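Working notes, beginning with the structure itself.
Everything numeric in this text was worked out from a predicted model, so none of it was measured.
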Amino acid sequence: MWLSILAALVIIQVIPAGRPEVIEQNKNDLLLNNSIPDTVANLLKNACYDCHSNQTVYPWYSYVAPVSWLVVRDIKVGRKHMNFSNWESLSKTDKAEHLSDINDEVSMGSMPMVIYPIMHPEARLTAEERQMIVDWTDEFGEALFDN
């Protein structure tokens with residue numbers, strides 16, 4: 001039985017996970033094109049960018065099936081919902097909607113996903129850090145329409 005399980009684990013390693021491409025240079029990136037406070041920018045980089053940008057850093061376990069499949073799924077879903085690397089290509093209304101979503105998800109504790117900070121301690125947000133992100137989304141959202 002153990003040999004069968006081990007054999008199955010070895011065999012599934014050859015099934016491609018379909019990892020989304022990493023693109024370091026993103027001309028439409030949120031942080032590249034906007035004056036975001038350093039503390040908030042660091043929080044976004046540490047807690048959001050792996051799943052919500054093209055600048056994903058793939059950890060070692062993202063290369064081991066079946067975990068790799070889950071990681072890939074989360075990144076694809078995250079990028080589809082909101083991708084900071086495409087921020088400047090969005091309309092003001094879409095940006096405002098994303099900021100509202102960020103506000104809701106972060107204030108409710110839904111983001112980052114509960115499992116993510118377990119392997120990424122830098123993504124653990126304190127109540128104060130969550131409030132910083134929420135305050136930033138409010139301010140940044142209002143500033144979108146001040147022009």
Query - Over all atoms of both residues, closest heavy-atom pair of Met111 and Arg130 - result: O-NH1, 2.8 Å

Report summary line: Value for CD1 (Ile102) from CD (Glu97), rounded to nearest 0.5 Å, stands at 12.0 Å

Report task. List in chain and number order the residues that pass salt bridge (charged side-chain N to carboxylate O under 4.0 Å, His left out) with Glu122, two or more places apart in sequence or in another chain; answer none if no residue qualifies. Result -> none

Query raised in the report: Shared ILVMFWY cluster between Met82 and Val77, side chains joined below 4.5 angstrom?
Result: no

Requested in this report: Report yes if the side chains of Leu32 and Asn26 come closer than 4.5 Å at any heavy-atom pair, otherwise no.
Outcome: no

Report task. Would you name the heavy atoms of Ile36 and Ala41 that are closest together and state the gap between them? Result -> CG2-N, 3.8 Å

Query raised in the report: With sequence neighbours excluded, what pairs up with Trp136 under the ring pair (Phe, Tyr, Trp, His ring centres under 6.0 Å) test?
Result: Phe140

Requested in this report: Could you pull out all residues at least two apart from Lys95 that satisfy salt bridge (charged side-chain N to carboxylate O under 4.0 Å, His left out)?
Outcome: Glu88

Requested in this report: Only counting residues at least two apart or in another chain, list the ones meeting side-chain contact (heavy atoms from CB on, under 4.5 Å) with Glu21.
Outcome: Ile23

Query raised in the report: What heavy-atom pair brings Leu31 and Leu44 nearest, and what distance separates the two atoms?
Result: CD2-CD1, 4.3 Å

Requested in this report: Return the set of residues passing side-chain hydrogen bond (donor to acceptor under 3.5 Å, both in side chains) with Glu105 (not counting sequence neighbours), or none when no residue passes.
Outcome: none

Query raised in the report: Hey, quick one: are Tyr58 and Trp60 part of the same hydrophobic cluster, counting side-chain heavy atoms closer than 4.5 Å, chains of contacts allowed?
Result: yes

Query raised in the report: Which residues pass the side-chain hydrogen bond (donor to acceptor under 3.5 Å, both in side chains) test with Asp135, sequence neighbours left out?
Result: Gln131

Report task. Specify the closest pair of heavy atoms between Val134 and Thr137, including all atoms of both residues, with the distance to one decimal. Result -> O-OG1, 2.7 Å

Could you list the donor-acceptor pairs under 3.5 angstrom formed between side-chain atoms of residues 113-120 and any protein atom two or more places apart in sequence or on another chain?
| residue | atom | partner | partner atom | Å |
| --- | --- | --- | --- | --- |
| Tyr116 | OH | Asp50 | OD2 | 2.5 |
| His120 | NE2 | Tyr61 | OH | 2.7 |

Query raised in the report: With Asn42, which residues qualify under side-chain hydrogen bond (donor to acceptor under 3.5 Å, both in side chains), at least two apart?
Result: none

Requested in this report: Give a yes or no on whether the backbone of Asp29 and the side-chain of Asn33 come within a donor-acceptor separation of less than 3.5 Å.
Outcome: yes

**Report entry** Sequence neighbours excluded, every pair satisfying ring-ring contact (aromatic ring centres under 6.0 Å, His included) that has a member inside residues 76-103
**Finding:** Tyr49-Phe84

Report summary line: For Gly18 and Val72, the nearest pair of non-hydrogen atoms, with its separation, is O-CG1, 3.5 Å

Query raised in the report: Got a sec, which residues hit side-chain contact (heavy atoms from CB on, under 4.5 Å) with Ser91, two or more places apart in sequence or on another chain?
Result: Thr93, Asp94

Query raised in the report: Taking the side chain as C-beta and beyond, is there a heavy-atom pair between Leu99 and Leu144 under 4.5 Å?
Result: yes

Requested in this report: Could you pull out all residues at least two apart from Met108 that satisfy side-chain contact (heavy atoms from CB on, under 4.5 Å)?
Outcome: Asp104, Ser110

Query raised in the report: For Arg79 and Ser53, which heavy atoms make the closest approach, and how far apart are they?
Result: NE-O, 2.8 Å

Requested in this report: To the nearest 0.5 angstrom, please state how far the NZ atom of Lys80 sits from the SG atom of Cys51.
Outcome: 15.5 Å

Report summary line: Those residues at least two apart in sequence (or on a different chain) that pass side-chain hydrogen bond (donor to acceptor under 3.5 Å, both in side chains) with Asn86 are none

Query raised in the report: How long is the span from the CD1 atom in Ile75 to the CG atom in Asn83, to the nearest 0.5 Å?
Result: 11.5 Å

Requested in this report: Please round to the nearest 0.5 Å and tell me the distance separating atom SG of Cys48 and atom CG of Leu125.
Outcome: 7.0 Å

